[in-house]
Amino acid sequence: MPGTTLPPFPTDVYTHPLLVIDYDLLSTGDPTELDRLWDAATSIGFWYLKNHGADQEVSDMFDMGAETMALPLEEKMKFEQGDDGRSCGYKAAGASAVDASGQLDAIEFINISKDDALAFPSIVHRTYPAPTTAAIPTAVAPLGLPEGTLERLHPSDEHSGSEARLIKAPPMPGKALADTATLGAHTDFGSLSFLHNRLGGLQVMPPGHTEWFYVKPLPGYAICNVGDALSLFSGGILQSNIHRVVPPPGIQAEYERWSLVFFTRPGNSKVLRALVDDSPLIADAVQKRPDQNFDTGSTAAEWFARRVKYQRIKNRKGPETWAASRGTEHTPTVA
Ligand SMILES: O=C(O)CCC(=O)C(=O)O
Ligand SMILES: [Fe+2]
């Protein structure tokens, strides 16, 4: 449960270090901090964010999640996402695959659409077990894009897949499970993700590696990462890095694991392709990677629905269904 005293992250587990970026410095345009953000976003695509100013919203969201998850399953199922590629709503444990073999996921989550949060009490996409609000963070990377380009791709007056996700994973004691994904290896679908977790379990496979590394949660710090949309817009300069969730390490595995993610995503109609006409840097990057497709021909809404839909276990026909759910994963076959 949120608020429970949790055991510390073990000291005998390999972790991957991430740069700590200070949001206060970013907001004043501090050039050194912007350089450090650029380094993080173009190397592994993950970083810690301190002074993000969202502690209260995060705490409220964990409370909302605890209240929602405590509802009877029958009640939560009234708000299930379904199998047609829609993301907002409740996802029961075991409703999605975690790999090409069709292994079931172990987590339940509730996704709250930004459109619904902003329009409340009007309904844009659907209703939820409990009303709530979401924080909408922004960040801009120095890609040399004309001013306003990223804003144009994320207009506040267009509906989008932006949402907040509250995740609950059951305790999973026992070493046999330690390497089992409870949320399969994936890249995030959208622009930027702001993650708050308290127990370990998040793992990244940095570019050029074939092993998984834990990312250690640091109290009060968000973990941020780049998603497919920003990676595609930037011609692969910004890294949408593959990651997954496994049971927390050591004694932490005996506890329920709660995490909260704010996903920012482009406007539904925006096509996911490299902004080659807007930035020489991006045009150059695309030219240097002829083997990769940076023009998906897919709108943000289509990209997002495809990825959600083909993860759903009811849509599974075989390993090809999992393959159809993939995004920019640099190791797409990884389990
Ligand atoms: O729970 C976590 O630590 C990560 C969750 C995640 O990667 C996701 O929901 O996309
Ligand atoms: Fe993720």
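What's counted below: heavy atoms across the whole structure, side chains too, no hydrogens, waters or symmetry copies. Whatever order the structure lists ligands and atoms in, that order sets their numbers, starting from 1.
- Taking the N/O/S atoms of Asp188 in turn, the shortest distance to the Fe ion (ligand 2) belongs to OD1.
- Among all protein heavy atoms, the one lying closest to atom 9 (O) of ligand 1 is Arg165 NH1, 2.9 Å.
- Between Arg312 and Glu80 there is a salt bridge, since at least one side-chain N of the basic residue sits less than 4.0 Å from a carboxylate O of the acidic one.
- Remark: minimum distance from atom 6 (C) of ligand 1 to any protein heavy atom is reached at Leu183 CD2, 3.5 Å.
- Trp322 carries Arg326 over the face of its six-membered ring, with the cationic atom under 6.0 Å from the centre and within 45° of the normal.
- Within the listing of ligand 1, atoms 1 (O), 5 (C), 9 (O) sit less than 4.0 angstrom from a heavy atom of Ile167.
- The two residues His243 and Asp188 come nearest to each other via the heavy atoms NE2-OD1, 3.1 Å.
- Under 4.0 angstrom from ligand 1, there are no non-hydrogen atoms of Ile223.
- At the shortest separation from atom 3 (O) of ligand 1 among protein heavy atoms lies Arg257 NH2, 2.7 Å.
- When you scan the N, O or S atoms of His243 for the one nearest the Fe ion (ligand 2), you land on NE2.
- For the residue pair Asn268/Ser160, the side-chain donor-acceptor check at 3.5 Å is not satisfied.
- Residue, atom and distance of the protein heavy atom nearest to atom 4 (C) of ligand 1 are Val245 CG2, 3.6 Å.
- Between the side chains of Asp83 and Asn315, no donor N or O sits under 3.5 Å from an acceptor N or O.
- With a heavy-atom cut-off of 4.0 Å, Arg244 does not touch ligand 1 at all.
- Salt bridge annotation for Glu163-Lys114: absent, with no cationic side-chain nitrogen under 4.0 angstrom from a carboxylate oxygen.
- Only side-chain heavy atoms of Phe263 come within less than 4.0 Å of ligand 1; its backbone N, CA, C and O stay farther off.
- Remark: minimum distance from atom 10 (O) of ligand 1 to any protein heavy atom is reached at His186 NE2, 3.0 Å.
- The nearest heavy-atom contact from the protein to atom 1 (O) of ligand 1 is Ser259 OG, 2.7 Å.
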